[in-house]
K.L.:
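First the structure, which I've put down as structure tokens, then a few questions once you've had a look.
Because the structure is a prediction, the values reported are computed rather than measured.
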Amino acid sequence: MDARLNLFANPVIGKVIRHFNAAGQALAESSLPAATQELVKIRASQINGCGFCTDMHTKDAAASGESATRLHLVAVWREATVFTEAERAALELAEQGTRIADGSGGVPDEVWANAARHYDEEQLGALVALIALINAYNRANVIVQQPAGDYVPGMFG
């Protein structure tokens, strides 16, 4: 399977992706825990049906020491006992932010309040930016049907 468009060779989207990557680096340097960041990226990617990002972020998380059990349970985090309350709040915010078009009124106040109980303002800003950014990556990859499965941790860094 080949992508409809080479996101890395196309001059316009390639430039945009480089800006996305710079934004991702700023988020990686934030105080939002790296494990939480990967969980959020995985969950949004699952919801959006982005195989490329799901492959990348599960492999990156595993390479960083994330357990197979937790990775396998991200899609069903509500029923899983392996996530902290803070991680659960981040996953809920990620789901609500990713499914924003599915409902009316955006992210419910109680979802935001729960996240705010676990994260400070810097971390909340990082969460909002991370959710927006992974959704942008997901959409680009889904639109061009970017193939999944060949990612090797560190290959883009």
K.L.:
Do S30 and E122 pass the side chain to side chain contact (heavy atoms under 4.5 Å, CB included) test, and can you show the C-alpha distance, the side-chain angles, and the key distance before you say yes or no?
P.N.:
CA-CA 8 Å; S30 77; E122 177 190 334; 3.9 Å; yes
K.L.:
If you define the side chain from C-beta out and look only at heavy atoms, does anything of T84 sit under 4.5 Å from R88?
P.N.:
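A side-chain contact under 4.5 Å is absent here.
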K.L.:
The criterion is side-chain hydrogen bond (donor to acceptor under 3.5 Å, both in side chains); which residues satisfy it with E66, sequence neighbours excluded?
P.N.:
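Residues passing side-chain hydrogen bond (donor to acceptor under 3.5 Å, both in side chains) with E66: R70.
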K.L.:
Measure the CD1-CE distance between I134 and M56 for me, rounded to the nearest 0.5 Å.
P.N.:
8.0 Å
K.L.:
Taking a hydrophobic cluster as the set of Ile, Leu, Val, Met, Phe, Trp and Tyr residues connected by side-chain heavy atoms closer than 4.5 Å, whether directly or through intermediates, do V107 and L130 fall within one such cluster?
P.N.:
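V107 and L130: one cluster.
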K.L.:
Kindly determine whether W112 and D109 satisfy side chain to side chain contact (heavy atoms under 4.5 Å, CB included), including the steps that lead there.
P.N.:
CA-CA 5 Å; W112 180 261; D109 289 340; 5.7 Å; no
K.L.:
Checking salt bridge (charged side-chain N to carboxylate O under 4.0 Å, His left out) for the pair E92/R78: CA distance, chi angles, key distance, verdict?
P.N.:
CA-CA 9 Å; E92 177 68 9; R78 282 180 180 79; 2.6 Å; yes
K.L.:
For A86, does its backbone N or O pair with a side-chain atom of Y119 as donor and acceptor, under 3.5 Å?
P.N.:
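The answer is yes, because a donor-acceptor pair under 3.5 Å joins these two groups.
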K.L.:
If you round to the nearest 0.5 Å, how far is NZ of K41 from SG of C50?
P.N.:
12.5 Å
K.L.:
Ignoring hydrogens and geometry, is there a side-chain-to-backbone donor-acceptor pair from T58 to D55 under 3.5 Å?
P.N.:
yes
K.L.:
In a check of side chain to side chain donor-acceptor pair (under 3.5 Å) between E38 and each of H57, K59, R43, which one passes?
P.N.:
H57
K.L.:
Does E121, at its CD atom, have more than 12 non-hydrogen atoms belonging to other residues, nucleotides or ligands within less than 6.0 Å?
P.N.:
no
K.L.:
Taking ILVMFWY side chains as joined if any heavy atoms are under 4.5 angstrom apart, and letting links pass through other members, which residues group with I47?
P.N.:
none
K.L.:
Are side-chain heavy atoms of L7 and N141 found at a separation under 4.5 Å?
P.N.:
yes
K.L.:
Between Q123 (side chain only) and S31 (backbone N and O only), is there a donor and an acceptor less than 3.5 Å apart?
P.N.:
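Indeed, once roles are kept as given, a pair shorter than 3.5 Å links the two residues.
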K.L.:
Assigning hydrophobic clusters by single linkage (Ile, Leu, Val, Met, Phe, Trp, Tyr; side-chain heavy-atom cutoff under 4.5 Å), is F8 placed with V12?
P.N.:
no
K.L.:
With rounding to the nearest 0.5 Å, note down the distance linking CD in E87 to CG in L39.
P.N.:
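Going from CD on E87 over to CG on L39, the span is 5.5 Å.
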K.L.:
Residues two or more places apart in sequence or in another chain: which of them pass side-chain contact (heavy atoms from CB on, under 4.5 Å) with R18?
P.N.:
K15
K.L.:
Would you kindly confirm whether L133 and L32 end up in one hydrophobic cluster when ILVMFWY residues are joined by side chain heavy atoms under 4.5 Å apart?
P.N.:
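Yes; tracing contacts between hydrophobic side chains, which count when under 4.5 Å, links both residues.
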K.L.:
Any side chain to side chain donor-acceptor pair (under 3.5 Å) pairs touching residues 144-156, not counting sequence neighbours?
P.N.:
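Listed by first then second residue: D60-Y151.
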K.L.:
Pairs under 3.5 angstrom only: tabulate donor-acceptor contacts from the side chains of residues 21-28 to other protein residues two or more places apart or in another chain.
P.N.:
residue, atom, partner, partner atom, Å
N21, OD1, Y137, OH, 2.4
Q25, NE2, E29, OE2, 2.9

K.L.:
In terms of side-chain heavy atoms, does W77 have a donor or acceptor partner in E95 at a distance below 3.5 Å?
P.N.:
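Note: W77 and E95 side chains meet the donor-acceptor criterion.
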K.L.:
With sequence neighbours excluded, what pairs up with N138 under the side-chain hydrogen bond (donor to acceptor under 3.5 Å, both in side chains) test?
P.N.:
S45, N48
K.L.:
I need the single residue from T98, I131, L93, V74 that forms a side-chain contact (heavy atoms from CB on, under 4.5 Å) with V40. Which is it?
P.N.:
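Among T98, I131, L93, V74, the one that satisfies the side-chain contact (heavy atoms from CB on, under 4.5 Å) with V40 is I131.
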K.L.:
Are F52 and V142 close enough that some pair of their side-chain heavy atoms sits under 4.5 Å apart?
P.N.:
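No. Closest side-chain heavy atoms not under 4.5 Å.
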K.L.:
Grouping I, L, V, M, F, W and Y whenever their side-chain heavy atoms are under 4.5 Å apart, do L71 and V76 come out in a common cluster?
P.N.:
yes
K.L.:
Nearest heavy-atom pair of L127 and A90: which atoms, and what distance?
P.N.:
CD2-CB, 4.0 Å
K.L.:
Of all heavy-atom pairs between N10 and I13, which one has the smallest distance, and what is that distance?
P.N.:
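So the two residues come closest at OD1-N, 3.0 Å.
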K.L.:
Surrounding CG of D2 (heavy atoms of other residues, nucleotides or ligands, distance under 6.0 Å), is the total greater than 12?
P.N.:
no
K.L.:
Under the criterion side chain to side chain contact (heavy atoms under 4.5 Å, CB included), I'd like the reasoning laid out for I100 against Q96: C-alpha separation, chi angles, the key distance, then a yes or no.
P.N.:
CA-CA 6 Å; I100 211 161; Q96 293 294 326; over 6 Å; no
K.L.:
Linking I/L/V/M/F/W/Y whenever any side-chain heavy atoms sit under 4.5 Å apart, do L5 and I17 land together?
P.N.:
yes
